[in-house]
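What you are looking at is a predicted structure, and each value in this text was computed from that prediction instead of being measured. Just follow the structure's listing: the first ligand is 1, and inside any ligand the first atom is 1.
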Amino acid sequence: MLQFIRNRASVELLSRSFRKYNVPESSGQLLQDLGFVHMSMSGVFHLLPLGLRVQDKISKLIQQSMKSVGAAQVSLAHLSSKEVWDRSGRWETSGRELFRLKDRTERELCLAPTHEEDITECIASFVESQKQLPIRVYQIGRKYRDEARPRGGLLRGKEFVMKDLYTFDVNTHQAQETYRQVLGAYHQFFKAVGLPFSMVNADTGNIGGKLSHEFHYRSAAGEDTICICPSCEFSTNSELLKETTSGTGHCCPSCGDELTLSSSIEVGHAFLLGQAYSAKLGANVEVNKRLEPLYMGCFGIGISRMIAAIATVTKDSKGLVWPMNVAPWKVLVVPTSSKHMQAAESVYDGVAHVVGADNILLEDRSQHSFGYKMKDAELIGYPFVIIVGSQFERQSLCEVHVRATGGRHHLPLQSLHQILL
Ligand code: ATP
Ligand code: MG
Ligand code: MG
Ligand code: MG
C-alpha cells in the first residue's frame, strides 16, 4: 500500500501561541493573529501556509470551472508597457490607481491592474482565421492597484490575487453565448464554495462594455450595496440604481415593489466587452472578406478577497468556520496526549484514504497542551477535529467534533466516512 508522508502541524503551521485570546471583531485581524497572512505594509500581505492553502483550494475550484467552459490557463507578465495602454487609451484615463514606473532606459511601464490590453495584443498576434475561435484563456495571478483606501486586510489590497478570464468570439451572438456559459460556470463555482451568494446587474465602469454582472456575498463589512427585488428577478448593484431613482425610496424598476438593500462584498465580475479593445489593439479575423475585430468578454474573481470574505461571512464567537471545500485542512487529528500518538497516526492513515492525503493534518506540536490545541483548532476553523485517546485504545472509538454545527460524535474508524464526506 502507498505510504503517506503525514502532514504535521509542527511543520505546516506558522502560528504564534497565545495564552488568553479574545476573538476580535475583525476577521482580517483574526487571519493575521492565527497565521494565515502577515501584513508587510498597508494593503500588502504575505500569505502564510494556512492562507496559501485556502487560496489553493479556491484556485482549484476555479480551475475546474474554467475547464468546464473550455478555457486554457496562461500566466501573463506583471510588468506592462505604456505603449499597449496608450493603444487602448487607458494610460491617460486610469489615474492614480495605476502603479507607474520606469526602467533604467526611462521606458514607461505599469504593474498590471488587469490584463485586457496585454491579452488582446497577444491574441492579435496569433489569430488568423475564425476557425480558431472561440478563444478562452484565463490566469490566476497577482494584480496591482494603488487603492486610495486599502482596508479589511485582503478585502482591498494594493497587491492581490485574481482569476481573470478573457474570451474572444467571432460575432456578438457567439460572445453572448460565451457570456451565458461563463455565468453558468460561475454559479457552479460559487455553489461549490458553499456560501449563499447573489448575482446582480452591474456598472461597466472604466473597463467599458455593454453588459455586466457581479457576484456578491452579503456582509456588513462590504463596501457595496446590492438591491434585490423580493417579487421578481430584478437585482442590481446600487451604483446603477443611483442613476435611475430620485433617492427617496427604492422601488423595483421592473415591478414597482420595494427593493431589499444589503451591504455586500463584490467577489466576482463579468463584462461583455464588445469590440473596443480588439479594434484598438488589432485583434481581427476576416469575415466576408472584411477584417472584423473580435468580440470580447472578461471575467474576474477576486481570490484574495474571497479568502477574507469567506472568513468574514462565516466567523463566529469562537473563531473561523471554513466551508469544507475551501478549508485549509478538512480534518485535524488530535491525540489527547503523546502516548496516543501511534493510535492517532493509524486513525490519520485510515481517514487519509477517505478524505484524501492533502486534506488531513496531524496535531503533533509538543509545546502545547491538549486543551490549547482544541481551542486553536476551533479558532482556525477546521471543519472536523478527530480526537484519539483512551476511548480509542479501549473501545476503538474516535470522538469527532463538527465545527459548523458544534456536533459531537463517537464513532469507530470504519464509520467515520459517514460524517466526513
Ligand atoms: P471594487 O469595486 O471593490 O474596487 P473593482 O470593481 O474595481 O472592485 P474589478 O476590476 O471588477 O474590481 O476586479 C475583479 C475582482 O477583483 C473584483 O470583483 C474583486 O473581487 C477583486 N478586486 C478588485 N480590487 C481588489 C483589491 N484592491 N483587493 C482585492 N481584490 C480586489
Ligand atoms: Mg476598484
Ligand atoms: Mg466594483
Ligand atoms: Mg468590479
Looking only at distances, please establish whether an N/O atom of ligand 1 is found under 3.5 Å from an N/O atom of G157. yes

Taking N or O atoms only and a 3.5 Å limit, does V267 qualify as a polar contact for ligand 1? yes

For ligand 1, which atoms, with element, lie under 4.0 Å from some heavy atom of [X]?
| X | result |
| --- | --- |
| L154 | 29 (C) |
| G268 | 18 (O) |
| M162 | 13 (O), 14 (C), 16 (O) |
| E147 | 24 (N), 26 (C), 27 (N) |

Thinking salt bridges, do R403 and E378 make one under a 4.0 Å N-O criterion? no

Any carboxylate oxygen within less than 4.0 angstrom of a Lys/Arg side-chain nitrogen, looking at R156 and E147? yes

Is the F197 to F190 ring centre distance short of 6.0 Å? yes

Checking contacts here: is it the side chain or the backbone of D224 that comes within 4.0 Å of ligand 1, counting heavy atoms only? Could be both or neither. neither

Shortest-distance N/O/S atom, E266 versus the Mg ion (ligand 3): OE1

Out of F45, F160, Y144, F299, who gets a non-hydrogen atom closest to atom 26 (C) of ligand 1? F160

Among E223, E97, R156, the residue with a heavy atom nearest to atom 3 (O) of ligand 1 is R156

I need the L155 CG to I265 CD1 distance, nearest 0.5 Å. 5.0 Å

Over-ring placement of R53 relative to W329, 6.0 Å and 45° cut-offs: yes

Does NZ or CZ of R100 fall inside the cone over W91's six-membered ring, less than 6.0 Å from its centre and within 45° of the axis? yes

Ring pair (Phe, Tyr, Trp, His ring centres under 6.0 Å) partner of F299, the single match among Y166, Y138, F215, Y179: Y179

